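Just so we're clear, the structure is a prediction, and the values are computed from it rather than from any experiment. When reading the values below, keep in mind they use all heavy atoms of this one structure, side chains included, and skip hydrogens, waters and symmetry mates. Positions are given from 1 along the sequence. For ligands, and for the atoms within them, numbers begin at 1 and follow the listed sequence.
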Amino acid sequence: MAAMAISSSSATVRIGCKKSAFVSNASSSVRSEFAGLRRMDSMFDMGSSHCLFAQMQRNVQAVGNGCRGVVTMAGTGKFFVGGNWKCNGTKDSISKLVTELNNAKLEDDVDIVVAPPFVYIDQVKSSLTDRIEISAQNAWVGKGGAFTGEISVEQLKDIGCKWVIHGHSERRHVIGEDSQFIGKKSAYALTQGLKVIACIGEKLEEREAGKTFDVCYEQLKAFADNVPSWDDVVIAYEPVWAIGTGKVASPQQAQEVHVAVREWLSKNVSAEVASQTRIIYGGSVNGGNSAELAKQEDIDGFLVGGASLKGPEFASICNSVTAKKVAA
Ligand code: PEP
């Protein structure tokens, strides 16, 4: 038996249900089965809160009718896990990784995306199961043409990419991309129908100087100032000090920033966008720490670097969506 809890600053709703009953009863009106658990509190304005609460009640009815049902909060996105392969791999190692992913048992309740290096996207697209979508790690800011060394959004779509990562810390701090440029690149991708994984995150010295929220807000604002809509955006909070270092943020540290990001969206974009936009965590996520992180209310999934290069471990991170379920 499994149950899902909906937390509120003032109350908790929990209805238990056999998973099979939940799956069969979950109608299309329920946007996702194991979405991030959502707080319904003062961060939302009254009109929107009422609207979201009404939808939440409908969802509870949809899945809980006649059983002790697993419930989901209204308007939240499906759990999401992305694998960023960065500048790693060869034809042979990528072929092995694809085979591992094709053979992995993956939970249904998670969107999965991998981002191979450009030169292997075609190989991956033609050999990887359609269950997993493909992302690019970067894209040019506008239509293609005389831009030596760049890859255009149109070309990425042409070879089957559905996503692009923008704002990754390695592009910000190693390559030198600034927030406005990143915002513009994201806007162009979205207008052409490529979905965006929008990365934000503070450096260690910024965290130590108490500037974590300011840095994240500045980076968020540049996305907000440019993107035409948040419908196809997943925000990845990736503290720079945790990327590739083995120093994972604690679940509480990650949750604190995810809450702040959601509040920023609520105040500066809309309550609906705050509720519906997935906020995933990245930074030394592995098969051993993903379940504890996934239990956090505002963590809607992960962006994974190093551990995404090992098929079975990446699959187990994807399957940490089950940690969203609370044992009854
Ligand atoms: C990343 O590159 O986005 C990342 C989170 O890397 P790692 O998981 O290796 O820290």
Side-chain angles (χ1 to χ4, degrees), residues 79-89 93-94 97 100-101 110-118 120-121 124 132-139 161 163-177 179 182 185-186 195-204 206-207 212 215-216 219-220 223 233-251 253-255 257-258 261 278-294 296 299-321:
F79 201 77
F80 181 104
V81 179
N84 177 11
W85 296 356
K86 310 196 191 192
C87 188
N88 290 300
S93 71
I94 283 177
L97 178 52
E100 288 171 352
L101 293 173
V110 52
D111 285 338
I112 306 173
V113 170
V114 293
F118 287 128
Y120 299 117
I121 287 177
V124 174
I132 301 176
E133 292 190 324
I134 297 181
S135 174
Q137 297 176 20
N138 185 29
C161 280
W163 294 84
V164 60
I165 299 172
H166 278 317
H168 192 280
S169 70
E170 286 145 19
R171 295 212 64 87
R172 288 180 190 273
H173 304 304
V174 182
I175 315 288
E177 292 186 4
S179 294
I182 291 162
K185 293 207 298 185
S186 302
K195 301 177 193 181
V196 171
I197 300 170
C199 303
I200 60 170
E202 82 287 359
K203 295 194 271 191
L204 183 59
E206 293 165 337
R207 173 165 280 264
T212 295
V215 170
C216 291
Q219 295 172 352
L220 273 175
F223 284 114
V233 179
V234 169
I235 296 172
Y237 167 59
E238 300 204 296
V240 182
W241 47 271
I243 296 180
T245 59
K247 263 193 251 165
V248 63
S250 70
Q253 283 174 319
Q255 166 68 10
V257 181
H258 284 226
V261 168
R278 289 170 287 188
I279 306 173
I280 62 175
Y281 167 79
S284 297
V285 174
N286 61 37
N289 58 33
S290 57
E292 281 311 305
L293 287 158
Q296 294 299 310
I299 294 182
D300 299 324
F302 303 111
L303 185 56
V304 186
S308 71
L309 297 170
K310 299 170 209 150
E313 183 165 13
F314 184 64
S316 117
I317 294 168
C318 294
N319 292 340
S320 66
V321 61

L303: numbered ligand 1 atoms lying under 4.0 Å from its heavy atoms: 3 (O), 5 (C)
Could you check whether any side-chain heavy atom of V248 comes within less than 4.5 Å of a side-chain heavy atom of E292, counting everything from C-beta outward? no
Using modelled atom types and a 3.5 Å cut-off, is there a donor and acceptor pairing between side-chain atoms of Q219 and backbone atoms of C199? no
Protein residue, atom and distance nearest to atom 1 (C) of ligand 1, heavy-atom basis: H168 NE2, 3.2 Å
Can you tell which of H166, K185, R172 makes a side-chain hydrogen bond (donor to acceptor under 3.5 Å, both in side chains) with E177? K185
Tell me which part of C199 gets within contact of ligand 1: side chain, backbone, both or neither, using heavy atoms under 4.0 Å. neither
Within the distance-only criterion (no hydrogens, no angle test), does the side chain of S93 pair as donor or acceptor with the backbone N or O of G89 below 3.5 angstrom? no
Taking the non-hydrogen atoms of G283, is any one of them nearer than 4.0 angstrom to ligand 1? yes
Within reach of ligand 1, part of N84 (heavy-atom separation under 4.0 Å): side chain
Identify the protein heavy atom lying closest to atom 3 (O) of ligand 1, giving its residue, its atom name and the separation to 0.1 Å. E238 OE2, 2.7 Å
A242: numbered ligand 1 atoms lying under 4.0 Å from its heavy atoms: 10 (O)
Atom 8 (O) of ligand 1: closest protein heavy atom, distance to 0.1 Å, is G305 N, 2.8 Å
I need the nearest protein heavy-atom contact for atom 9 (O) of ligand 1: residue, atom name and distance, please. G306 N, 2.9 Å
Only counting residues at least two apart or in another chain, list the ones meeting ring-ring contact (aromatic ring centres under 6.0 Å, His included) with F223. none
Quick check: closest heavy atoms across V215 and E202, and the distance to 0.1 Å? CG1-CA, 4.0 Å
For residues I235 and L220, report the shortest heavy-atom separation together with the two atoms involved. CD1-CD2, 3.8 Å
For the 3.5 Å polar cut-off, considering only N or O atoms, please tell me whether I243 and ligand 1 meet it. no
If only atom types and distance count, is the side chain of S284 paired as donor or acceptor with the main-chain N or O of A242 below 3.5 Å? yes
Contact check, G246 vs ligand 1, heavy-atom distance below 4.0 Å: no
Under 3.5 Å, N or O to N or O, is G244 touching ligand 1 that way? yes
N/O of S284 under 3.5 Å from N/O of ligand 1, yes or no? yes
